[in-house]
Amino acid sequence: MPIVRKIYSIVFGALLTICLVVLPFSFLIKSDLGSPNKLKTWFKQADLYSVVINNLSLQLEKAVTSINFQIKPDISNSEINIALKSSVSESYFYQNVDNVVDANYSWLKGQTSKPDFLIDLAVVKNGLVNNLVNSQTSLAVCNQLVAYRLSTLSECQANLTTALNSNSVFSNYQTVNQDNLVSYLSGSSNSTPYYEQYSYLPSRFQTLMKTPVYTLVAIIAVILLSAIILGLGFRLIKFIFKSVIAATIILIVLRLLINPIFNSVQKISVIANNSNSDLIIKMINYFLIDFKRGLNNFLIGYVIIFALLVIVIFIIKSLHKNRKNKTPKNPDTKPVSPSQNFLKLNERSSQNK
């Protein structure tokens, strides 16, 4: 029986330690990624609006300089940037971002069979083209044509509007939804919708969100089984105490490794060479800041449990020691020497005579 208890303590002690280490990670991942609110907040903190506007400005700059026009207007990137911001307000942008995020979370949670969102680009494109046509550079080109009597101002602006609208960047898509998002981003018209490519994600996401419950059930099951095997006493408390110590030490080490790991992640070529590396790094940093704060709270909780167990162990040992000291000693149980036995025998024999 002692051997069985020893083996049990080692095997299930390691299992309990693993569960205690997994528990904070599962809760913190669920807290940060379980709902769309954190993601929406992080997008705004990372200024996703400016990132997208700047990327589109560079894309549109190439498109504008490639249009077939009488005299190509050399519209600057700053003018395109201003035109974009006038066409796409920050509130309108984040409203669409929130809709996309909410739709994808509904899909991941199994509430819908696929994401369902729609971004209307027609109004945005019309406003953008109008702003570009009326930019200082475009007006200067049109005025030059008017000066040389090659065109009227209205005709010049109409021709420039037609030239811009015929460009693939402006004409390909009037709306973006869950079915053509990949095609819109990649420029390929035959791309499979992303929710079909990653059809396994909802089930895995839902399983991940249930991990805290599974871990808690495993911890309770191990403790109950330990109570049966080890008994409701000092052995059980000592068993839990060792696992809590081991889990706390492991979590402290992992907490100290978070910053070095983050620094290493920034240097990975896939992230470092990405045009949106600043945005990616900011998003990872926001997650880690929130994660570290939550991990600190769990560590405090484990230290409190550790302290309570120390107190319980001290009390049990004290009670056991006091009980041992108060146990009365029976004088009849004292060892008797052979000479004393011989004298008692003589006394009895003389009495019998």
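Once rounded to the nearest 0.5 Å, the distance linking NZ of Lys38 with CG of Asp290 reads 3.5 Å. Within the model, atoms CZ of Phe287 and NZ of Lys292 stand 11.5 Å from one another, a figure rounded to the nearest 0.5 Å. A distance of 10.5 Å separates OH of Tyr194 from CG of Asn180, quoted to the nearest 0.5 Å. Within the model, atoms CD1 of Ile311 and CD1 of Ile316 stand 12.0 Å from one another, a figure rounded to the nearest 0.5 Å. A distance of 12.0 Å separates CH2 in Trp107 from NZ in Lys114, rounded to the nearest 0.5 Å. Atom CD1 in Ile245 sits 12.0 Å away from atom CD1 in Ile250 (nearest 0.5 Å).
The shortest distance between side-chain heavy atoms of Leu279 and Trp42 does not fall below 4.5 Å. Thr248 is not listed as a side-chain neighbour of Phe298, based on a closest heavy-atom distance of 4.5 Å or more. Between Ile7 and Ile3 the shortest side-chain heavy-atom distance falls below 4.5 Å. Phe43 is listed as a side-chain neighbour of Met283, based on a closest heavy-atom distance under 4.5 Å. In this structure the side chain of Leu128 reaches within 4.5 angstrom of the side chain of Leu60, judged on heavy atoms. Lys30 is not listed as a side-chain neighbour of Thr211, based on a closest heavy-atom distance of 4.5 Å or more.
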### Query
Between Asn126 and Asn130, does a side-chain hydrogen bond (donor to acceptor under 3.5 Å, both in side chains) hold up when you go through it step by step?
CA-CA 6 Å; Asn126 291 336; Asn130 185 60; over 6 Å; no
### Task
For side chain to side chain contact (heavy atoms under 4.5 Å, CB included), just list the numbers for Gln45 and Lys282, CA-CA rounded to whole Å, side-chain angles, deciding distance to a tenth of an Å, and then say yes or no.
CA-CA 9 Å; Gln45 288 177 346; Lys282 281 181 180 179; over 6 Å; no
### Query
Could you walk me through whether Tyr195 and Leu181 pass the side chain to side chain contact (heavy atoms under 4.5 Å, CB included) check?
CA-CA 10 Å; Tyr195 59 85; Leu181 178 63; over 6 Å; no
### Message
One pair to check against side chain to side chain contact (heavy atoms under 4.5 Å, CB included): Ile289 and Asn285. What are the steps and the verdict?
### Response
CA-CA 6 Å; Ile289 289 172; Asn285 189 42; 3.7 Å; yes
### Message
One pair to check against side chain to side chain contact (heavy atoms under 4.5 Å, CB included): Ser26 and Lys210. What are the steps and the verdict?
### Response
CA-CA 8 Å; Ser26 61; Lys210 293 175 183 175; over 6 Å; no
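Note on Asp102 versus Lys40: salt bridge recorded, some NZ/NE/NH1/NH2 to OD/OE distance being below 4.0 Å.
Side chain of Gln157 to main chain of Asn134: no donor-acceptor pair is present (N/O by atom type, distance under 3.5 Å, no hydrogens or angles). With Ser226 contributing its side chain and Leu236 its backbone, the two residues share no donor-acceptor pair below 3.5 Å. Of the possible polar contacts, none joining the Thr112 side chain to the Pro115 backbone as a donor-acceptor pair under 3.5 Å is found. Between the Glu79 side chain and the Ser76 main chain, a donor and an acceptor come within less than 3.5 Å of each other. At least one donor-acceptor pair closer than 3.5 Å links the side chain of Ser87 to the backbone N or O of Ala83.
Pairing each heavy atom of Val124 with each of Tyr92, the nearest pair is CG2-CE2, 3.8 Å. Between Leu251 and Val21, the shortest heavy-atom distance links the atoms CD2-O, 3.9 Å. Listed here is the closest heavy atom pair of Phe239 and Ser9: CE1-O, 3.7 Å. Heavy-atom minimum distance, Gln206 versus Lys109: NE2-C, 3.3 Å. Nearest heavy-atom pair across Leu132 and Ser138 is O-OG, 2.7 Å. When every heavy atom of Val100 is checked against every heavy atom of Asn104, the shortest pair comes out as O-ND2, 2.7 Å.
No donor-acceptor contact under 3.5 angstrom links the side chains of Ser135 and Thr137, judged on distance only. A side-chain donor from one of Asp47 and Ser50 sits under 3.5 Å from a side-chain acceptor of the other. Using modelled atom types, one finds no donor on one side chain facing an acceptor on the other under 3.5 Å when comparing Asn263 with Asn259. Judged purely by distance below 3.5 Å, without hydrogens or angles, the side chains of Asn77 and Ser57 never pair a donor atom with an acceptor atom. Using a 3.5 Å distance cut-off with no hydrogens or angles, the side chains of Thr175 and Asp120 do not pair a donor with an acceptor.
Connection of Phe314 to Ile304 is not established within any shared hydrophobic cluster, with ILVMFWY side chains joined at heavy-atom distances below 4.5 Å, either directly or through further cluster members. Using a 4.5 Å cut-off between side-chain heavy atoms of Ile, Leu, Val, Met, Phe, Trp and Tyr, with links allowed through other members, Ile219 and Leu15 fall into the same hydrophobic cluster. Using a 4.5 Å cut-off between side-chain heavy atoms of Ile, Leu, Val, Met, Phe, Trp and Tyr, with links allowed through other members, Ile249 and Leu16 fall into the same hydrophobic cluster. Linking Ile, Leu, Val, Met, Phe, Trp and Tyr residues whenever their side-chain heavy atoms come within less than 4.5 Å places Leu108 and Tyr200 in a single cluster. At a threshold of 4.5 Å between side-chain heavy atoms, the hydrophobic network of Ile, Leu, Val, Met, Phe, Trp and Tyr places Leu28 and Leu208 in one connected group.
At most 12 non-hydrogen atoms from other residues, nucleotides or ligands lie less than 6.0 angstrom from NZ of Lys242. Atom CZ of Phe234 has more than 12 neighbouring heavy atoms from other residues, nucleotides or ligands inside a 6.0 Å radius. Summarising the local packing, CD of Gln266 is surrounded by more than 12 heavy atoms from other residues, nucleotides or ligands at distances under 6.0 Å.
By the 30° and 60° cut-offs, the orientation of the rings of Phe291 relative to Phe25 is tilted. Using bins of under 30°, 30° to 60° and over 60° for the plane-to-plane angle, the ring pair Tyr94/Tyr49 lands in the tilted bin. Using a 30° and 60° split on the angle between ring planes, Phe12 and Tyr8 fall in the parallel class, below 30°.
Residues Phe306 and Phe241 bring their aromatic ring centres within 6.0 Å.
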